[in-house]
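Notes follow once the structure below has been shown.
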Amino acid sequence: YGVTFCTLLPMRSIPFKVVCLLGMNDGEYPRTNHPPGFDLMDKRRRLCDWSKRQEDRYLFLESILSARRHLFISYVGRSIKDNSDLPPSVLVSELLDYLEAGYKTGDDQPLEKRLITRHPLQPFSHRYFQGDRHLFSYSEQNCKAARQNQAVKTMAGNFPDQPLAPPAEGSWQSVSIRQFCRFFRNPVEFMVNGRLKVNYKARAAYRPEEREPFELDALQAYWIKDEMVAFNLAAAADPVAGLLKASGRLPHGHRGDLLLSDYQQEVEAFTRSVKTYLTGGPADPQEVGFTSSREPATTLRGTLDTLYPDGQLFYRCAALKAKDRLDAWVHHLLLNAREAGADPRETIVLGKETRADFRPLRLAETRAVLEDLTAFFIRGLESPLCFFPETSYAFAKAVVDGKTVDKALQVARSKWDSGNYSNGEGDDIYRRRSFGSDMPESEDFQETSLAIFQPLLAAITEQPLG
């Protein structure tokens with residue numbers, strides 16, 4: 001067989017078994033005509049005048065008619081800047097629209113999924129070597145690179161391979177609310193840092209920044225908006241712009257001004273929503289505590305300092321995450337662990353788009369949940385607790401919503417695995433060294449997730465933030 005490379009020319013359409021059209025990108029084909037300024041014919045166009053754009057449309061039609069068995073069309077479908085979707089040439093879009101209107105698949109799937117194959121950016125992507133009939137490669141070298149890349153991501157989780165000795169008498173018997181909440185954010189990290197005095201992230205934590213902030217990631221943007229919310233609520237919003245610019249955390253010049261303007265609009269809208277819950281002013285902070293009845297006895301101590309007449313209030317200028325709900329849940333339990341009759345007993349959590357309300361709890365119900373949480377805390381000080389906030393919350397919520405265990409595990413995996421622009425919980429180095437790269441699906445994971453989150457889900461009500 002022979003392969004012929006050529007440009008598209010009119011009246012030269014020769015039938016081929018396979019026709020491949022490359023570079024059918026939006027804005028590049030059909031081509032646009034750019035006549036010189038002195039071309040008077042272009043200013044007074046008449047019927048039958050030559051048009052480069054119309055000629056390209058005709059060439060596209062001729063190419064389609066020349067294909068006898070296979071027609072292959074390729075275009076750049078992802079942006080080189082942010083990987084966002086890019087449309088194909090308008091001619092390809094019209095062809096797809098025609099096929100969608102006139103044909104359908106036997107399994108009633110969208111025809112586009114059968115016709116369009118989206119290739120990975122790198123030729124050594126593992127997707128090319130998974131037996132997909134649409135994505136395949138014959139390159140032995142790229143196959144070895146894909147295997148090596150997967151091997152780097154795979155880590156056997158067995159640290160520590162045996163439970164640690166119970167904490168010494170007198171240690172970890174009194175725990176602050178902040179320590180307790182930090183434990184449930186990442187139990188393995190808390191155990192390794194607190195019991196073994198080992199920090200896997202020490203070098204990264206003190207590594208200086210080596211580049212200017214031309215763009216802000218999601219975490220950097222969140223901290224800036226959180227600081228702006230605090231200034232706005234304190235009625236001191238005037239100097240915040242100057243302070244942020246002087247701090248060097250914003251991109252320089254006009255780009256930084258645009259980002260700050262966008263953040264200010266978002267923060268002002270969120271602050272207006274928060275202020276509606278601050279009527280009456282803050283209440284006096286209250287010292288709270290709880291001591292478990294199980295041995296070894298553990299005492300939680302701390303101060304509730306976000307009390308208002310309507311209840312305990314937490315807010316976050318971002319989407320609510322499982323850790324936010326869990327932190328608020330611990331504070332809510334301690335709020336309801338006080339003597340009967342003490343007000344307020346509700347807790348409100350505000351996110352950028354969501355409001356979550358925790359209902360008042362009976363004292364016996366509150367103490368039972370706190371007993372279970374402190375038992376998990378003691379257990380997590382001796383061996384890695386198979387609990388991961390986002391993954392466990394996704395699993396528990398799916399089960400509570402009526403999904404099967406298999407479906408719930410599938411939902412939870414989306415929080416464990418990484419996406420194109422988000423890191424999953426499985427990327428955390430502490431979790432990988434204790435549980436490996438694959439999401440645990442054991443009964444221990446399922447039972448722990450449900451034991452911690454089922455009481456929370458029974459007490460919480462969520463609705464859009466009005």
Side-chain angles (χ1 to χ4, degrees), residues 82-85 181 184-185 215-234 237 240 244 250 258-279 306-308 310-332 344 346-359 388-403 408 411-425 452-454 456-466:
D82 56 7
N83 203 42
S84 59
D85 288 331
C181 292
F184 284 100
R185 290 189 173 197
E215 291 285 345
L216 300 182
D217 58 31
L219 183 60
Q220 292 171 329
Y222 166 73
W223 286 118
I224 288 177
K225 287 185 282 189
D226 185 66
E227 189 173 334
M228 295 172 69
V229 169
F231 270 90
N232 282 10
L233 293 177
V240 66
L244 290 173
L250 289 171
L258 290 176
L259 277 178
L260 187 59
S261 177
D262 293 341
Y263 292 164
Q264 284 177 330
Q265 294 179 8
E266 183 178 339
V267 165
E268 288 173 2
F270 180 73
T271 305
R272 285 194 297 269
S273 299
V274 173
K275 285 183 177 179
T276 60
Y277 299 90
L278 303 181
T279 56
T306 60
L307 299 177
Y308 291 85
D310 292 336
Q312 189 173 210
L313 179 66
F314 298 94
Y315 51 84
R316 183 176 190 268
C317 189
L320 292 183
K321 295 185 176 181
K323 63 180 181 181
D324 303 314
R325 297 176 175 90
L326 196 53
D327 287 356
W329 176 237
V330 171
H331 285 79
H332 181 67
E346 297 85 5
T347 298
I348 303 172
V349 189
L350 303 178
K352 190 168 63 173
E353 299 176 351
T354 309
R355 167 182 169 170
D357 296 85
F358 288 96
R359 61 172 174 82
F388 326 100
E390 299 296 331
T391 306
S392 297
Y393 178 79
F395 172 79
K397 191 173 188 309
V399 171
V400 170
D401 290 343
K403 290 184 172 62
V411 174
R413 184 172 294 278
S414 66
K415 299 296 183 181
W416 177 269
D417 296 332
S418 297
N420 290 330
Y421 293 99
S422 61
N423 292 328
E425 288 190 308
I452 293 176
F453 276 121
Q454 264 188 335
L456 182 154
L457 292 169
I460 193 173
T461 302
E462 298 192 16
Q463 58 185 335
L465 183 64

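Between F314 and T306, the closest side-chain pair of non-hydrogen atoms falls below 4.5 Å. Side-chain atoms of Q463 and D357, non-hydrogen and from C-beta on, do get closer than 4.5 Å to each other. L465 has its side chain out of reach of E353: every pair of non-hydrogen atoms, C-beta onward, lies at least 4.5 Å apart. Side-chain contact check for D262 versus E266: every heavy-atom pair is 4.5 Å or farther apart. At least one side-chain heavy atom of E268 sits under 4.5 Å from a side-chain heavy atom of N232. Looking at heavy atoms from C-beta onward, I348 lies out of side-chain contact with Y308 at the 4.5 angstrom threshold. W329 is not listed as a side-chain neighbour of T347, based on a closest heavy-atom distance of 4.5 Å or more. For the pair V274 and V229, the minimum side-chain heavy-atom distance is 4.5 Å or more.
Although no hydrogens or angles enter the test, the distance criterion places a donor-acceptor pair under 3.5 Å between the side chain of H332 and the main chain of R359. In this structure a side-chain-to-backbone donor-acceptor pair under 3.5 Å is present from S418 to G424. In this structure, R413 contributes its side chain and W416 its backbone to no donor-acceptor pair below 3.5 Å. Between the side chain of E425 and the backbone N or O of E390 there is at least one donor-acceptor pair closer than 3.5 Å.
The CG atom of L250 sits 4.5 Å away from atom CD1 of I224, with the distance rounded to the nearest 0.5 Å. Atom CG in D324 sits 10.5 Å away from atom OG1 in T354 (nearest 0.5 Å). Here the straight-line distance linking atom NZ of K397 with atom CG of D401 works out to 4.0 Å at 0.5 Å rounding. To the nearest 0.5 Å, atoms OH (Y222) and CG (L216) are separated by 15.5 Å. Note that the CG atom of D417 and the OG1 atom of T391 stand 8.5 Å from one another [nearest 0.5 Å]. For the atom pair K321 NZ and Y393 OH, the distance stands at 14.0 Å (nearest 0.5 Å).
Counting heavy-atom neighbours within 6.0 Å of K225 NZ, excluding the residue itself, gives a total above 12.
Annotation: cation-pi geometry not satisfied between R325 and F453 (NZ/CZ under 6.0 angstrom from ring centroid, within 45° of ring axis).
Annotation for A412 and A394: closest pair CA-CB, 4.0 Å, computed over non-hydrogen atoms. When all heavy atoms are compared, the tightest approach of I460 to A356 is CD1-CB, 3.7 Å. Contact between D327 and C181 at its shortest, heavy atoms only, is OD1-CB, 3.4 Å. Scanning both residues, T276 and S273, for their nearest heavy atoms gives OG1-O, 2.5 Å. Summarising the geometry of K352 relative to C317, their closest heavy-atom pair is CB-C, 4.3 Å, with the distance given to 0.1 Å.
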